[in-house]
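One structure is given below, encoded as structure tokens.
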Amino acid sequence: MMWCYVQFPDETQFAYSETRDDGTVEIAIERPRDWGFDTAKCFMPAYRWFEVDSFSQKELDDFESFLRDNAPLIFELADRRLEEKTAA
């Protein structure tokens, strides 16, 4: 399951997963376009990008910078989601 982290004014939205067993967090990024969505996924903390569709390398670099700046909070939120999941 993914949870919304932030939405930018251009409607680019970042979502995050709970912390996975290997200590990573999956990030999904979507931006609406006329015929669907621009998409990209990333595993933190390695910042390994995959399933990238229609985002430029410059945009990915900017997203990575944003994620690095927000990593402590994203990991804290992801850990909380994992705790909620295991408590249920």
Side-chain angles (χ1 to χ4, degrees):
M1 179 175 269
M2 304 292 279
W3 292 270
C4 182
Y5 178 66
V6 69
Q7 183 172 331
F8 292 162
D10 71 353
E11 297 185 31
T12 300
Q13 184 170 340
F14 288 66
Y16 65 95
S17 70
E18 71 273 351
T19 304
R20 299 160 31 116
D21 291 340
D22 63 0
T24 62
V25 173
E26 182 178 338
I27 302 296
I29 304 170
E30 292 184 344
R31 178 178 58 205
R33 61 181 177 199
D34 290 338
W35 58 95
F37 292 90
D38 298 330
T39 59
K41 293 184 178 180
C42 175
F43 283 122
M44 295 174 61
Y47 301 95
R48 184 173 54 87
W49 293 95
F50 62 102
E51 296 182 21
V52 176
D53 180 24
S54 300
F55 284 118
S56 69
Q57 186 59 53
K58 167 76 168 95
E59 289 172 311
L60 294 177
D61 292 344
D62 290 344
F63 295 159
E64 185 170 324
S65 178
F66 173 80
L67 290 172
R68 287 181 184 278
D69 289 346
N70 286 267
L73 180 55
I74 292 170
F75 276 102
E76 180 181 331
L77 293 170
D79 286 345
R80 286 186 197 169
R81 297 295 183 175
L82 178 61
E83 291 169 9
E84 291 171 4
K85 181 179 174 181
T86 56

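- The aromatic rings of Phe63 and Trp49 sit tilted relative to each other, their planes meeting at an angle between 30° and 60°.
- How far SG of Cys42 is from CD1 of Ile27: 6.5 Å, rounded to the nearest 0.5 Å.
- Less than 6.0 angstrom separates the ring centroid of Phe66 from the ring centroid of Phe8.
- A salt bridge links Glu59 with Arg31; the closest basic N to acidic carboxylate O contact falls under 4.0 Å.
- Separation of atoms CG (Leu60) and OG (Ser65) is listed at 12.5 Å; rounding is to 0.5 Å.
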Review point. Going through the checks in order, is the side chain to side chain contact (heavy atoms under 4.5 Å, CB included) test met by Gln13 and Cys4?
Key: CA-CA 7 Å; Gln13 184 170 340; Cys4 182; 3.3 Å; yes

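- In this structure, Leu77 is a member of the same hydrophobic cluster as Val6, with clusters built from ILVMFWY side-chain heavy atoms closer than 4.5 Å.
- Atom CG of Asp22 sits in a crowded spot, with more than 12 heavy atoms from other residues, nucleotides or ligands closer than 6.0 Å.
- The CG atom of Asn70 lies 12.0 Å from the CZ atom of Phe75; values are rounded to the nearest 0.5 Å.
- Looking at Thr19, its side chain never comes within 3.5 Å of a backbone N or O of Val25 through a donor-acceptor pair.
- Atom-to-atom distance recorded for Tyr5:OH and Ile74:CD1 is 5.0 Å, nearest 0.5 angstrom.
- Under a hydrophobic clustering in which Ile, Leu, Val, Met, Phe, Trp and Tyr are joined whenever their side-chain heavy atoms come within less than 4.5 Å, directly or via other members, Met1 and Tyr16 fall into the same cluster.
- Every residue meeting the salt bridge (charged side-chain N to carboxylate O under 4.0 Å, His left out) condition with Arg81, not counting sequence neighbours, appears here in chain and number order: Glu84.
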Check your understanding: Checking side chain to side chain contact (heavy atoms under 4.5 Å, CB included) for the pair Val52/Thr39: CA distance, chi angles, key distance, verdict?
Key -> CA-CA 6 Å; Val52 176; Thr39 59; over 6 Å; no

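- Taken together through direct or relayed side-chain contacts under 4.5 Å among Ile, Leu, Val, Met, Phe, Trp and Tyr, Ile29 and Phe37 form parts of separate hydrophobic clusters.
- Taking OG1 from Thr24 and CZ from Phe43, the interatomic distance works out to 5.5 Å, rounded to the nearest 0.5 Å.
- Between Arg33 and Asp53, at least one side-chain nitrogen of the basic residue sits less than 4.0 Å from a carboxylate oxygen of the acidic one, meeting the salt-bridge criterion.
- The distance from the OG atom of Ser17 to the NZ atom of Lys41 is 10.5 Å, given to the nearest 0.5 Å.
- Contact record, Pro45 with Gly23: CD-O, 4.3 Å, taken as the closest heavy-atom pair.
- Cation-pi check for Arg68 over Tyr47 is met; the charged atom lies under 6.0 angstrom from the ring centroid and within 45 degrees of its normal.
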